[in-house]
Every structure is written in structure tokens, then in C-alpha cells.
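Working notes for the structure below.
All residue numbers in this chain count up from 1 along the given sequence.
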Amino acid sequence: MQLGLVGLGRMGFNMRERLRAAGHEVVGYDRNPDVSDAASVAEMVEKLAGPRIVWIMVPHGDPTRQTIEELSGLLSAGDLVIEGGNSKFTDDQANAALLAENGIKYVDVGVSGGVWGAKNGYGLMAGGDAEDVERSLPIFDALRPEGPREEGFAHAGPVGAGHYAKMVHNGIEYGLMQAYAEGFELLAASDVVTDVPATIKAWSKGTVVRSWLLDLLVRALDEDPELSELRGYVQDSGEGRWTIEEAINNAVPAPVMTAALYARFASRQEDSPAMKAVSALRNQFGGHAVQKSEH
């Protein structure tokens, strides 16, 4: 198949390479001319034969909305836009409605795999009409991992379902990473365990906590056994917050994912105002010792 691909960053670039390796023709556009196959989105569209398929892989929010708006004026009825970034699922209805004004189809796809996707394949969750998803299956099959399709791809539901599924996936990811991180810290703080990296590596095969995320932690510890080269500052890209919002909206208890998100917030505070208040209260009611600020 032939398709356009807008956004050739860390994920988009690797996706282009995997698609090409599977025999598909990809015309990519990126603001970085060193990796782009076209000088503009318009030129990319001109290089595609109709009916066209264009995959968007740019940051969520304004960059995605602006790309959708631009494509709505360049594509024709019967063309298809696949939005594969980390957009909030509530944006998909607006995107689909805008494109539909010109008869352009829309599918949203949650994509998981990170920088390893080029080699291992990507987990894909699609939202949209069945005929539009069916039309795109050769592309999805090239991107997903080898093996049964259902183990790396799902048509999750109508427009918005793909990004909703990816949002929940990332909420789970937050919880898993936090559990591994807390286990690492407890092992490191103990006087009993003397080889933390070896202990965690021993969990890699056979144990009930083995996973790809654990393998990545083992890899990180191989490179830096005490993780001394890193700051304990963790950003969040949005999906974790949206997951907790949806848990509240649907009255679904999500204490693990919520705690993991809050732990990321805590990582950004060099000197927590809340913990200062707790220290002050303990001192006030019980005369407990406090540590004075150096500032």
C-alpha cells in the first residue's frame, strides 16, 4: 500500500522504516528536512495516489488539531486519516466531524511500543468504522508484532475507542512502573540485600512479576547499577491524568494508578510544601524534632 506519514520523530521515523521493510510505500513529512520526503504537507499529499491514506504522528493538542485542519483542505472525499498520536479520546469526535465535512474518513489508533517498536512491532488499538479499519489492515499488520493479529491489534470500537484504550493502557503502565520502582528503592535501602541489580535480574525468568518493563529496568541497572546518573524527576504526558479523570467519571476505584500519578507529581518537588506542613504539625502537637531549612 501507499500512505503519507506526518511526523517523523522518535516513533514516526521508526514506523516509516518498519512499513517500508514490509513493502509499503511511505511518503513522510516532517519539519526537519533531513528526514522528510516532502517539503510540505501539501507536497506529500500531491505525491499520493487516490484514494489516499495519511497517518498523523505528531504531539497531541494543537499540533494534531492544526494538522487535521490542514489535511481537511488538502484531501478529497474517500481519503482516510489515521491519527496515531497520544490524543485525548474526546478530541477524536471533533477531528472526525471536521474531516467528514469533506467526506474524509477518520480512524484513531493508540500505539504502544516506544523506540523498540521498529524491531519488536507495535501494539495497536483502533477506533472507527469497521470498513475504514478493514481498509487499513495491511498497514496495521505491518506495524504490529509477528504472530496472531489479535495479540497485537484490536478494533476497540467506534471513533475514540482507540485512544481511550491507549489511555487506560498507559494508566496501567504508570502503576506497574511505580511498583517496580518502589521495590527497587526498598531493596536498595535494605542492609540485607547486597546485590540489588542481580536480585532484580533474577526475577526476569519464571517469576510472576516478569515482564518487558522489568527487562527494561534490568537493562537500565546494567548500564548504571545505582541509577546515579539520573534525577528522580518524572514527567507525565497526559494519559495518566485522563485515566484518573475517567475513573472518577465512571465511579471506578483506581487507587494504584492514582497513587502512581501522584508519585510523579511528588518527584518534581525538591522540598514539598505539604511535607513542610506535616513537619510543622508534628512539632506543634507533639514537640517532635524538625529539620530547619538551609535557606
Side-chain angles (χ1 to χ4, degrees), residues 9-11 14-15 18 84 86 109-125 143-154 156 162-244 246-247 252-268:
R10 285 177 297 177
M11 294 244 329
N14 286 339
M15 290 169 65
R18 187 172 176 90
N86 282 328
V109 181
V111 181
S112 180
V115 296
W116 296 88
K119 176 182 177 182
N120 300 332
Y122 302 88
L124 305 170
M125 300 137 270
L143 290 171
R144 67 174 176 80
E146 295 181 4
R149 179 184 289 161
E150 61 269 19
E151 293 181 0
F153 170 81
H163 282 141
Y164 195 101
K166 179 58 162 47
M167 174 191 71
V168 176
H169 164 282
N170 281 30
I172 294 169
E173 180 185 298
Y174 276 43
L176 291 172
M177 287 194 290
Q178 186 65 26
Y180 286 131
E182 291 174 9
F184 165 76
E185 182 172 351
L186 182 55
L187 289 170
S190 168
D191 293 330
V192 180
V193 175
T194 57
D195 194 335
V196 174
T199 301
I200 292 177
K201 184 177 288 188
W203 298 345
S204 300
K205 307 291 182 184
T207 75
V208 297
V209 299
R210 66 190 185 275
S211 73
W212 185 54
L213 282 174
L214 181 65
D215 292 342
L216 294 178
L217 178 57
V218 168
R219 185 173 183 267
L221 291 171
D222 282 343
E223 297 172 354
D224 182 4
E226 297 181 357
L227 302 182
S228 57
E229 297 181 7
L230 300 174
R231 282 186 61 208
Y233 181 103
V234 185
Q235 191 57 269
D236 67 288
S237 57
E239 293 95 329
R241 302 185 189 209
W242 304 336
T243 302
I244 304 313
E246 277 301 291
V252 173
V256 172
M257 291 187 286
T258 302
L261 176 64
Y262 286 174
R264 294 194 180 198
F265 295 162
S267 78
R268 300 167 207 169

Donor-acceptor under 3.5 Å ([X] side chain, [Y] main chain):
| X | Y | value |
| --- | --- | --- |
| Arg18 | Leu143 | yes |
| Asp224 | Ala220 | no |
| Ser267 | Arg264 | yes |

- prompt: Looking at Leu217, Ile200, Leu216, which one forms a side chain to side chain contact (heavy atoms under 4.5 Å, CB included) with Tyr180?
  reply: Leu217
message: As a test of understanding, state which of Val209, Thr207, Val208, Leu213 forms a side chain to side chain contact (heavy atoms under 4.5 Å, CB included) with Ser211.
response: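 Of all the options given, the one that passes is Leu213.
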Considering residues, nucleotides and ligands other than [X], do more than 12 of their heavy atoms fall under 6.0 Å from its [atom1]?
| X | atom1 | value |
| --- | --- | --- |
| Glu146 | CD | no |
| Glu150 | CD | yes |
| Tyr262 | OH | no |
| Arg268 | CZ | yes |

Taking side chain as C-beta onward, heavy atoms only, is [X] less than 4.5 Å from [Y]?
| X | Y | value |
| --- | --- | --- |
| Asn170 | Glu173 | yes |
| Val168 | Met257 | no |
| Asp215 | Ser204 | yes |

- prompt: How far apart are the closest heavy atoms of Gly152 and Arg144, and which atoms are they?
  reply: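 That closest heavy-atom pairing would be O-CB, 3.9 Å.
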message: Please report the interatomic distance CE(Met177) to CG(Leu214), rounded to the nearest 0.5 Å.
response: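 The CE atom of Met177 sits 13.5 Å away from the CG atom of Leu214.
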statement: dist Lys201:NZ -> Thr199:OG1 (nearest 0.5 Å) comes out at 11.5 Å
In residues 181-190, what donor-acceptor pairs under 3.5 Å come from side-chain atoms, sequence neighbours left out?
residue, atom, partner, partner atom, Å
Glu182, OE2, Gln178, NE2, 3.0
Ser190, OG, Val192, N, 2.8

